[in-house]
Each structure stands twice: as structure tokens, then as C-alpha cells.
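Structure first, commentary second.
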Amino acid sequence: ATADAKVYTATFTPHTGSGATGITLASNKFQDATGNWNLDGDDANNKPTGTFDTVRPTVAMTVDSGLTTNTALKIGSSALLTLQFSKPVNGLTLSDFTLPVDRGTISNLVQDSTDSTKYTAVLTPLAGLQKTSFEVSLANGIVADTFGNRNDDGVDSNNKVTVYADTKAPVVTNVVI
């Protein structure tokens, strides 16, 4: 009970998953101070309904196909990262990507105009990288769905991509005439 003896609160905890839910307070379940039973169990205000969702969003990240040790990003090139979430999410920003500081930058984060679960971003390697590879990923808890469920798949193999880069320009060290 609360300070008002006519008001009681309860916590509803749904099972794992998502869907519709309802709570019913049936007639003849409680009495007032004089012993009168409640008789309004069939009233609409005693049957609140709603939806619930306890499923966390997941993400699968991919990078342009064809990036291997032999077809690495070169000077002046970039790669398109694609992120496919399991459901619409909010809160994704450029700073949410994890990549080594000395390897590259991510820019142009865009949510797809026809698929709210899909985002793209551009990865540009820094200059001076010689035949190297590095990972780009998203950590846990970065984004949330409309119910506030945060992503929880940061260690999944599809939540990161390996990028190959070779942006070191060749240098002439000796000229013989």
C-alpha cells in the first residue's frame, strides 16, 4: 500500500521474449474496511493491456567484399561498413565504433531510408600503414531498441570485421646512374 490506503502498486515482470500482455484484477479479491468485496473485475480499467519486449538487439557488421591481404585498402581509398541490426535501434554514433586509434577513422554514418535496421559508415585508413590488418567492432550496450533493451553481442564474431590496409607509399632509397 501507499500513503493512500486506496492505492496499491505491483510490479509486472514479463517472461523472456516479446508480445502482448494483460493483467486482470478479478471480482471478489479484496475488501474495503467495512467488508465489501470488489465487484468490478469485468470493468475495462481492471484489465490493462500492453506490449513487452525483453529481447536485446543484435548486430551483424560487414565490410566491402574483396578486402584481403592481397587487395588491401590503398592510399586514398576507403571501405563501406554495413551494420544490420536485428530490430530498429536508437543512439548509434560514430564514437561507438571500436578500432585502433592509429589505424583509421570512421565517418558518414547513415541510417538506411528504407530499412531502419540498417546503417552504413565509411572507414578510411590512415596513411603510412604497411601491410596491416585491424578489427572494427561495436561494444555491448551501445544502442537500445524502443523498449530500452541494449545490444549484448559485442563478443560475437559477426559483430566485428577485419580490415586490411597498405597505405604506405614506396620510397626511393637509392638511384644508380
What heavy-atom pair brings [X] and [Y] nearest, and what distance separates the two atoms?
X      : Y      : value
Arg56  : Asp152 : CD-CB, 3.2 Å
Ser86  : Pro57  : OG-CA, 3.4 Å
Asn174 : Val176 : ND2-CG2, 4.0 Å
Thr93  : Ser95  : OG1-OG, 3.0 Å
Glu135 : Pro100 : O-CD, 3.5 Å
Ala79  : Val63  : CB-CG2, 3.8 Å

Any donor-acceptor N/O pair, [X] side chain to [Y] backbone, under 3.5 Å:
X      : Y      : answer
Asn38  : Lys29  : yes
Thr167 : Gly128 : yes
Asn108 : Val122 : no
Asp53  : Val55  : yes
Asp32  : Asn36  : yes
Thr120 : Leu81  : no
Asp153 : Val59  : yes
Asp115 : Thr117 : yes
Gln84  : Ala60  : no

- Task: Walk me through it: do Asp112 and Tyr119 pass the test side-chain contact (heavy atoms from CB on, under 4.5 Å)?
- Result: CA-CA 6 Å; Asp112 190 288; Tyr119 290 78; over 6 Å; no

Close side-chain approach of [X] to [Y], heavy-atom, < 4.5 Å:
X      : Y      : result
Leu94  : Asp96  : no
Ser116 : Gln111 : yes
Thr105 : Leu99  : no
Met61  : Leu138 : yes
Phe147 : Thr51  : yes

Interatomic distance, [X] atom [atom1] to [Y] atom [atom2] [nearest 0.5 angstrom]:
X      : Y      : atom1 : atom2 : answer
Leu129 : Asp166 : CG    : CG    : 8.0 Å
Asn149 : Phe52  : CG    : CZ    : 11.0 Å
Thr82  : Asp64  : OG1   : CG    : 7.5 Å
Ile142 : Ser137 : CD1   : OG    : 9.0 Å
Phe97  : Leu109 : CZ    : CG    : 5.5 Å
Asn151 : Asp156 : CG    : CG    : 10.0 Å

- Short N-O contact, Asp145 and Lys87, less than 4.0 angstrom: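 Yes, Asp145 and Lys87 are salt-bridged.
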
- Message: Under 6.0 Å between ring centres: does that hold for Tyr164 and Phe134?
- Response: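 No, too far apart.
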
- Yes or no on side-chain contact (heavy atoms from CB on, under 4.5 Å) for Thr98 and Val136, after CA distance, side-chain angles and deciding distance? CA-CA 6 Å; Thr98 303; Val136 178; over 6 Å; no

